[in-house]
There are 2 protein chains.
Amino acid sequence: MAGEDRAEGFEKSGDLDFPRPLTTVDVVIFSIRGDQLQVLLVRRPAGEDEPFPQALALPGGFVDVVKDRDLAACAARKLKEKTGVTAPYLEQLGSWGSASRDPRGWSATHAYFALIPEEAGALTPDARWFPIQGGRLKEKLAFDHSDILASAIQRLRNKVEYTSLPAYLMPAEFTLPDLQRVYEIVLDRPLEKSAFRTRILSADMIEPVAKMRRGPNRPAQLYRLKKNSKPVYFVRTFNPPE
Amino acid sequence: MAGEDRAEGFEKSGDLDFPRPLTTVDVVIFSIRGDQLQVLLVRRPAGEDEPFPQALALPGGFVDVVKDRDLAACAARKLKEKTGVTAPYLEQLGSWGSASRDPRGWSATHAYFALIPEEAGALTPDARWFPIQGGRLKEKLAFDHSDILASAIQRLRNKVEYTSLPAYLMPAEFTLPDLQRVYEIVLDRPLEKSAFRTRILSADMIEPVAKMRRGPNRPAQLYRLKKNSKPVYFVRTFNPPE
DNA sequence: CGAATAGTGTCTCTGAGACATTATAGC
DNA sequence: GCTATAATGTCTCAGAGACACTATTCG
């Protein structure tokens, strides 16, 4: 059955009649809400034969070989279904597959992570936002979703050190102090204003709009993301403390 | 058949009787041979009903739900089978899945990439090394393996700018000029000797052995990787030209 | 000695960190 | 004027780039 031939790499692939792992896609969806980094989670159904009934989980599910042309389309579909949003930023995170992660049998999930602005979309009723505090989620998740989420948080933090990713968490128009605040929320440490501004402005990723944000103090210049702006990679990280 | 319920994320998962994609693992194995970056490829079988008969491909194959505990173990097994080597460096690269990449049906592959030293292992007869020239392979590959390889090359080059990954391509003992040469081969551009040495030596990743490499000129200090040394991440990239 | 490569030193430049200073709004 | 926040400027420091210079072997 699960013999050598197959494992050696297609040598007898004319015969495709052997057990296949389950194939799923899960999406880690981040947003900034109320000055916190938050992640979108759904509650699993309650059925008798359900794995992890009622547990919290990442939005996701089985690949649909009819509806989904490829993995990215599948992830985009799940994102759209849960949030109404179409791909501001969607990146593949990695895959997790083993005999034990799903009680129903050998399964492999393709994990993606998405960044969306606070204003975006209309949630489905089964989905809720949960804050990431101290770089972690308090709640336990179904399957190995806690591992996947931890990996997503680490990847996000890492990349925020040397990329413009937080721009995708911003509303259409924002000020430089707004953007710096989002960097600081994700990294959970303060950044130097002066160095921050130099870095962002020299990256040619945002452009000023002819408006200012007014408040009880000096107004701030409003900016927007430049058209078709891909993420920018800086040649240095922010120097992590110590 | 491929209806909404399933796609919505396990909601009816009691019913697992629907088409599953094929699940494979492929490994991009790099080594330095004869002053070139090379990749290990196998030739596909010639059978009538084989996809891409006789074409070159990355080593890999179906996940074996009996033999393979998880994806990484599956990748390590394939690496071992083809090269006799056990994991000097093995990292997940990403996954590729679509309806069209394999003529036998919807399939998803989990791609890994491995770095091994030149001396290592005994190849199986169906595997051969092919040089990467100008950052690309001349040969066309089966499936979407050309895309996967291109992605692996890009990831490798990227990481070499700010990590110690090339250390895993080195023999047990090597000199600093040797190591610099490997960096230069992968990046395909010369590096400054002085800056290179400062960076590597301050990274605390290698240690001198009490030997010198002798030649027709001044001998060079031999080094080895420190025990259990994980890859080092530098806070700056080498400044790319222009 | 010369050739060749190993290894070090010097000078400049860029960008981050720290922190002071100036600017502009509301009250 | 006072307060609060936006925006800029100054000084220092680390590390890269460029390149000169010294060191050590063989022949």
Side-chain angles (χ1 to χ4, degrees), chain A residues 35 160-164 166 170 173-184 187-224 232-242, chain B residues 35 158 160-164 166 170 173-185 187-224 232-242:
Chain A
D35 246 34
V160 166
E161 293 279 357
Y162 62 91
T163 70
S164 62
M170 306 304 292
E173 296 184 350
F174 55 89
T175 69
L176 278 177
D178 289 345
L179 182 58
Q180 181 174 350
R181 182 81 192 106
V182 170
Y183 270 84
E184 291 173 338
L187 293 177
D188 197 27
R189 73 168 194 266
L191 294 178
E192 279 306 313
K193 182 170 48 169
S194 173
F196 180 81
R197 296 175 68 93
T198 309
R199 168 179 283 208
I200 299 296
L201 290 175
S202 65
D204 190 44
M205 50 181 268
I206 60 177
E207 57 191 3
V209 299
K211 274 189 287 185
M212 308 289 279
R213 158 143 340 140
R214 314 185 68 82
N217 42 35
R218 177 170 173 178
Q221 179 64 53
L222 280 166
Y223 294 86
R224 68 172 168 226
V232 176
Y233 288 73
F234 305 107
V235 296
R236 296 197 197 176
T237 63
F238 287 111
N239 286 8
E242 150 273 5
Chain B
D35 247 32
N158 238 316
V160 166
E161 293 279 356
Y162 63 90
T163 70
S164 63
M170 306 305 290
E173 297 184 348
F174 55 89
T175 68
L176 278 177
D178 288 345
L179 182 58
Q180 181 174 349
R181 183 81 192 106
V182 171
Y183 270 83
E184 292 173 338
I185 288 169
L187 294 177
D188 198 26
R189 73 168 195 266
L191 295 178
E192 279 305 313
K193 181 170 49 168
S194 173
F196 180 81
R197 297 174 68 92
T198 308
R199 168 179 284 209
I200 299 296
L201 290 175
S202 65
D204 189 44
M205 51 181 268
I206 61 177
E207 57 191 4
V209 298
K211 274 190 289 184
M212 306 292 277
R213 158 141 343 138
R214 313 186 69 81
N217 42 37
R218 176 171 175 177
Q221 179 64 53
L222 280 165
Y223 294 86
R224 66 172 169 226
V232 176
Y233 288 73
F234 306 106
V235 295
R236 296 196 198 177
T237 63
F238 287 112
N239 287 7
E242 149 276 4

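Note on naming: letters A, B, ... go to the chains in the order of the sequence lines (proteins, then strands), and numbering restarts at 1 for each one.
Both Thr198(A) and Asn217(A) lie close to DNA chain C; mapped to their nearest nucleotides by heavy-atom distance, the more 5′-ward contact belongs to Thr198(A). Comparing Met212(A) and Pro216(A) against DNA chain D, the residue whose closest nucleotide sits nearer the 5' end is Pro216(A).
In this structure, Lys193(B) places its NZ atom 12 Å from C1' of dG9(C), rounding to the nearest Å. In this entry the distance linking CZ of Phe234(A) with C1' of dG17(C) reads 17 Å, nearest Å. Distance Leu222(A) CG to dA25(C) P: 14 Å, rounded to the nearest Å. Here dA6(D) presents its P atom at 9 Å from CD of Gln180(A), a figure rounded to the nearest Å. Taking atom CZ of residue Arg181(A) and atom C1' of nucleotide dA7(D), one finds them 19 Å apart after rounding to whole Å. One atom, CZ of Phe196(A), and another, C1' of dG17(C), lie 15 Å apart when rounded to the nearest Å.
Side-chain contact between Arg189(A) and Glu184(A) is absent, with no heavy atoms from C-beta onward closer than 4.5 Å. Two residues are said to be in side-chain contact when any heavy atoms from C-beta on lie closer than 4.5 Å; Arg181(A) and Asp35(A) meet this criterion.
Residue Arg214(B) places at least one side-chain N or O under 4.0 Å from the OP1 or OP2 atom of dC26(D). Residue Arg218(A) has no polar side-chain atom (N or O) positioned under 4.0 Å from OP1 or OP2 of dG26(C). In terms of phosphate contacts, Arg199(A) brings a side-chain nitrogen or oxygen within less than 4.0 Å of OP1 or OP2 of dA16(C).
When heavy atoms are screened at a 4.0 angstrom cut-off, Arg197(B) is found touching base atoms of the nucleic acid.
Annotation for Thr175(A) and Arg213(A): closest pair CG2-CB, 3.9 Å, computed over non-hydrogen atoms. The minimum heavy-atom distance linking Val209(B) with Gln221(B) is given by the pair O-NE2, 2.6 Å.
Checked against dA7(D), dG17(C), dT24(D), the side chain of Gln221(A) finds its nearest nucleotide in dA7(D). Closest approach to the Glu192(A) side chain among dG15(C), dT24(D), dC19(C) is made by dC19(C) (side chain taken as heavy atoms from C-beta onward).
Between the side chain of Ser194(B) and the base of dG7(C), no donor-acceptor pair of N or O atoms lies under 3.5 Å.
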